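All figures in this text were calculated on a predicted structure; none of them were measured in a lab. One is the number of the first residue; the rest follow in order along the sequence.
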Amino acid sequence: MSETRRKLTTIFCADVQDYTRLMGADEEGTLAALKRCREAMAHLIASHGGRVVNTWGDGLIADFPSVVEAVRAAVDIQNELAGFNAGRPSDGRMLFRIGINLGDVIVDGDDIYGDGVNIAARLQTSAAPGGIVISSTVYDQVRNKVAVGFEFLGPLMVKNVEEGVPSYAVRIGDGSDEAPPAERTAARPPPASVMAGSGPATGGRRLFAVLGVIAAVLIVINLLLWQGVFWARFPVLALAVIGALAWNRGQSRFDRKLAALAIVALGIIGINLLTWEGRFWAVWPISGLAAAMGLRLAMRR
């Protein structure tokens, strides 16, 4: 019987974008290209101290004892595959998406299982074709050790993981190992307010300021041209909803889809109250939104 144990490792997941379409267009050519790409990937993974754990269909999973080497391997692989694809037609390119996570896994023989693997797979599906997405646990280890840029993507919701997993896209080509510190500023962590979801980033603050100015101007115009109707309440409510949705895009404390539904529900309640005629008609659309939120929660479990 194989021994089952746990270990902390760096999980590397990759698969091919539009693999089904490629197979439908040219099965033999696609399989030959996949074999060449996998051979190149296996060589680079081994050269960085990793091992290929498993392959299935167009997918590949590997693990690395070093977080830094895992990211370096991913960058080298995408650069190698970019050269391979350069000579192929645009609709026949084999573009891999890569996700990397540092986590605790269950080891059963040569295979690995657990939430650490699931998170890496989820990160991979969120990557752009030819791109790399890493978790915050990986980012914390490599941000000052690998000369590439990073873009904070916000939290990703993963099945069986209650809180969103903060993630980063790796910007390949932002520097080299000899790049000076000035060229590596993109690798610095985002502001604490973004990581904690407790406040907007600089762009968000600017948007809120603009929305606030527009709302104030509308109210002033309404008052200066007063004819007994406070019509500015509707555009101000719309601006408030826009601001709330913009905040939701950058926060990581709550499930963003659930928060968006809640914001829309509050907007509908606001419209109902501002147009009150003795009937709370908003109960019906809110019931629909509540059902959608219930389905969302059920799908996460």
* To do: Please check if Val213 and Leu207 belong to a single hydrophobic cluster, counting links between Ile, Leu, Val, Met, Phe, Trp and Tyr side chain heavy atoms closer than 4.5 Å.
  => yes
Please list every donor-acceptor pair under 3.5 Å in which a side-chain atom of residues 262-285 meets a protein atom from a residue at least two apart or in another chain.
unit_1, atom_1, unit_2, atom_2, d
Asn272, OD1, Trp281, N, 3.0
Asn272, OD1, Ala282, N, 2.8
Asn272, ND2, Arg279, O, 3.2
Thr275, OG1, Ile271, O, 2.7

* side chain to side chain contact (heavy atoms under 4.5 Å, CB included) assessment of Leu102 paired with Gln141 -> CA-CA 9 Å; Leu102 172 63; Gln141 299 297 319; 4.2 Å; yes
Donor-acceptor pairs under 3.5 angstrom involving side-chain atoms of residues 20-27: please list them, not counting sequence neighbours.
unit_1, atom_1, unit_2, atom_2, d
Arg21, NH1, Asp91, O, 3.0
Asp26, OD1, Gly29, N, 3.0

* Where Arg122 and Ser126 come nearest, the two heavy atoms and their spacing -> NH1-OG, 2.5 Å
* Would you call Arg36 and Phe84 a side-chain contact if the rule is heavy atoms closer than 4.5 Å? -> yes
* Structure fact -> In short, Ser167 meets Val133 closest at the heavy-atom pair CB-CG1, 3.9 Å
* Can you name the closest pair of heavy atoms from Cys13 and Ala121 and give their distance? -> SG-N, 3.9 Å
* To do: Treat each ILVMFWY residue as a node, draw an edge where side-chain heavy atoms are under 4.5 Å apart, and state whether Val236 and Ile242 are in one component.
  => no
* **Closest non-hydrogen atom pair, Ile11 against Gly103** => CD1-N, 3.9 Å
* Asked: Is Val117 linked to Trp56 within one hydrophobic cluster, defined over Ile, Leu, Val, Met, Phe, Trp and Tyr using a side-chain heavy-atom separation of less than 4.5 Å?
  -> yes
* Indicate yes or no: at least one non-hydrogen side-chain atom of Asn101 is less than 4.5 angstrom from one of Thr137. => yes
* Rounded to the nearest 0.5 Å, what's the gap from CG on Asp15 to CG on Leu95? Could you check? => 11.0 Å
Show the atom names and distances, to 0.1 Å, of all donor-acceptor pairs under 3.5 Å that link a side chain in residues 58-67 to residues at least two apart or in another chain.
unit_1, atom_1, unit_2, atom_2, d
Asp58, OD2, Val16, N, 3.0
Asp63, OD1, Arg51, NE, 3.1
Asp63, OD2, Lys7, NZ, 3.0
Ser66, OG, Val68, N, 3.4
Ser66, OG, Glu69, N, 3.1

* In terms of hydrophobic clusters joined by side-chain contacts under 4.5 Å, are Ile221 and Ile214 together? -> yes
* Test applied, side chain to side chain contact (heavy atoms under 4.5 Å, CB included); reference residue, Tyr168; option that passes from Leu153, Ile134, Val142 -> Ile134
* Asked: Any side-chain heavy atom of Val105 within less than 4.5 Å of one from Tyr113?
  -> no
* Does any non-hydrogen side-chain atom of Thr55 lie less than 4.5 Å from one of Arg38? -> yes
* **Nearest-0.5 Å distance that lies between atom CG in Asn222 and atom CD1 in Ile219** => 8.0 Å
* Asked: Heavy-atom distance under 4.5 Å between the side chains of Val148 and Ile132, does that happen here?
  -> no
* Asked: Does the side chain of Leu81 reach to within under 4.5 Å of the side chain of Met94, using non-hydrogen atoms?
  -> no
* Structure fact -> CD of Glu80 to NE2 of His43, rounded to nearest 0.5 Å, is 8.0 Å
* Where do Leu34 and Gly57 come nearest, in terms of heavy atoms and distance? -> CD2-O, 3.7 Å
* Asked: Looking only at heavy atoms, which two atoms of Arg97 and Ala127 are closest? And how far apart?
  -> CD-O, 3.2 Å
* Leu239 side chain reached by Leu237 side chain, heavy atoms, under 4.5 Å -> no
* **CD1-CD1 distance between Ile77 and Ile98, expressed to the nearest 0.5 angstrom** => 5.0 Å
* Can you measure from CD1 (Ile100) to CG (Leu123) and round to the nearest 0.5 angstrom? => 9.0 Å
* Answer yes or no: is there a side-chain heavy-atom contact under 4.5 Å between Val52 and Met41? => no
* What do you reckon, is CZ of Arg88 surrounded by more than 12 foreign heavy atoms closer than 6.0 Å? -> yes
* Structure fact -> Here the gap from Gln78 atom CD to Phe96 atom CZ, rounded to the nearest 0.5 Å, amounts to 8.5 Å
